[in-house]
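Data first, discussion second: the structure below is written as structure tokens.
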Amino acid sequence: MVRNTIKVGMADLNVTKAPDQLTTLGLGSCVGITLYDGVNKIAGLAHIMLPSSKEIKNNDNKAKFADTGIEELIKSMVAIGANKNNLVAKIAGGAQMFNFNSNNHMLKIGERNVVATKEKLKELNIRIVSEDTGGNFGRTIVLDSTNGSLYVRTIGHGEKTI
Amino acid sequence: MLDVENLNHFMIDILKELGNIGAGNAATALASMISKRVDMDVPNVRILEFKEVAEVLGGEENLVVGIYFELTEDLVGNMMFALDMDSAINLTNMLFNREKKNSELDEMDISAISEVGNILASSYANSLSSLTGLKIVISVPSISIDMAGAILSVPAIQYGHIADHALMIETTFEENQNLVTGNLFFLPNLSSFDKILTALGVN
């Protein structure tokens, strides 16, 4: 069986069918949002940078934001045969890489990205089955489209499959 | 307002020159700290798509040390001093003049590296400030040792608010025995760019 691993960059998204994998490397404050349709074995991954497209004028790149990124991801998955009612979510990332004693809310962006992601998924009635978010470290994630498992690798904070 | 996607050659040259002056002073500061010659490349003005940003420091999963600063007041933006793990270890061995070399970073090393970053970023900012007459306040350093992609996501997100590209003025330093290579990034917020041009009398 030949398995391809498709890389998703920052502010980007992609979808695939079994047996391929989707990966995003070195997630920091961004959030990796994965959706999976276990019936049709279709997987999707979005690497979002910011919580909301509504706060920003320049919002052409839908994959940049939690709200439009999730919508676009679902659309792309449905386009290759997924059923929206089958989708479940797993999320990872949203770390705070640097610690400042300032009240600059930008630096809490990781946390805000996670909150916005959860709100949007709730609005769309998509259940979050597992997550690995927060902390102050980077993560690489790999989504397996044969079973929906999400592998999380870090430097110095272990690895796990969620 | 100017946007990152539409900078002309003239503006890029100005950014490059700012980088040259700032980094030149930082290189001198680094050389005197380690008592060795430090070479510096011509600054590189990089306008990158977000998916390219994470690859800048040798690949997304490359273990790097990043020291991050916020700039506020007249000139707003960020600075980051980044170096690979070997360079960081070699640098601290030089700073402490160790006979018996450490092979990893201890707490003292991390604190020292952080201070080196602080001195470099401050001398960079000071020279920009004296050149332009603009007031620049630099934050205390914050250090992270982790995957390059994760560290670079922080400045990328700052640009995410205004553009689909990140602007990085990058200078590479190299200690002359090739043991330490570091990158200093200056990431100006483009709302400050008009002020810079005016201050330089070219607007």
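Convention: sequence-line order gives letters A, B, ...; per-chain numbering from 1.
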query: Given that the side chain runs from C-beta out, which part of A:I155 has a heavy atom under 4.5 Å from chain B: side chain, backbone, both or neither?
result: both
message: Would you say CZ of B:R98 has more than 12 non-hydrogen atoms from neighbouring residues, nucleotides or ligands within 6.0 angstrom?
response: yes
task: Using atom types as modelled and distance alone, determine if a side-chain donor or acceptor of B:S142 lies under 3.5 Å from a backbone N or O of A:N99.
output: yes
message: So for B:A148, is it side chain, backbone, both, or neither that comes closer than 4.5 Å to the heavy atoms of chain A?
response: neither
message: Within this structure, what is the OH-CE distance for the pair B:Y68 and A:M97, rounded to the nearest 0.5 Å?
response: 12.0 Å
message: Please find the pair of heavy atoms, one from A:F98 and one from B:S144, that lie closest to each other, and give the distance.
response: CE2-CB, 3.5 Å
Heavy-atom check, side chain of B:D164 versus side chain of A:K64, under 4.5 Å: yes
task: Would you check if the side chain of B:S153 reaches a backbone N or O of A:S29 as a donor-acceptor pair within less than 3.5 Å?
output: yes
task: Count the heavy-atom pairs under 4.5 Å between each of B:A156, B:P141, B:A54 and chain A, then report the option with the highest count.
output: B:A156
- request: Evaluate whether atom CE of B:M85 has more than 12 neighbouring non-hydrogen atoms of other residues, nucleotides or ligands under 6.0 angstrom away.
  value: yes
- prompt: Is A:K62 atom NZ crowded by more than 12 heavy atoms from other residues, nucleotides or ligands, each under 6.0 Å away?
  reply: no
statement: So, the part of B:I145 with a heavy atom under 4.5 Å from chain A: the answer is neither
- request: May I ask you to decide if A:D12's main-chain N or O and B:K51's side chain share a donor-acceptor pair within less than 3.5 Å?
  value: no
message: Just so I know, are the side chains of A:C30 and B:I157 near enough to count as touching, which here means a heavy-atom distance under 4.5 Å?
response: yes
query: Among A:G156, A:G26, A:G93, who wins on heavy-atom pairs under 4.5 Å with chain B?
result: A:G26
task: Could you check A:L25 against B:M147 for side chain to side chain contact (heavy atoms under 4.5 Å, CB included), going step by step and ending with a plain yes or no?
output: CA-CA 9 Å; A:L25 309 175; B:M147 298 180 188; over 6 Å; no
message: What part of A:R153 gets within 4.5 angstrom of chain B, counting heavy atoms only: side chain, backbone, both, or neither?
response: both
task: Measure distances from B:E49 to the heavy atoms of chain A and classify the residue's part below 4.5 Å as side chain, backbone, both or neither.
output: neither
query: Taking all atoms of both residues into account, what is the closest heavy-atom pair of B:G160 and A:M49, and its distance?
result: CA-CE, 4.5 Å
query: Is it true that B:E61 and A:K7 make a salt bridge, defined as a side-chain N closer than 4.0 Å to a carboxylate O?
result: no
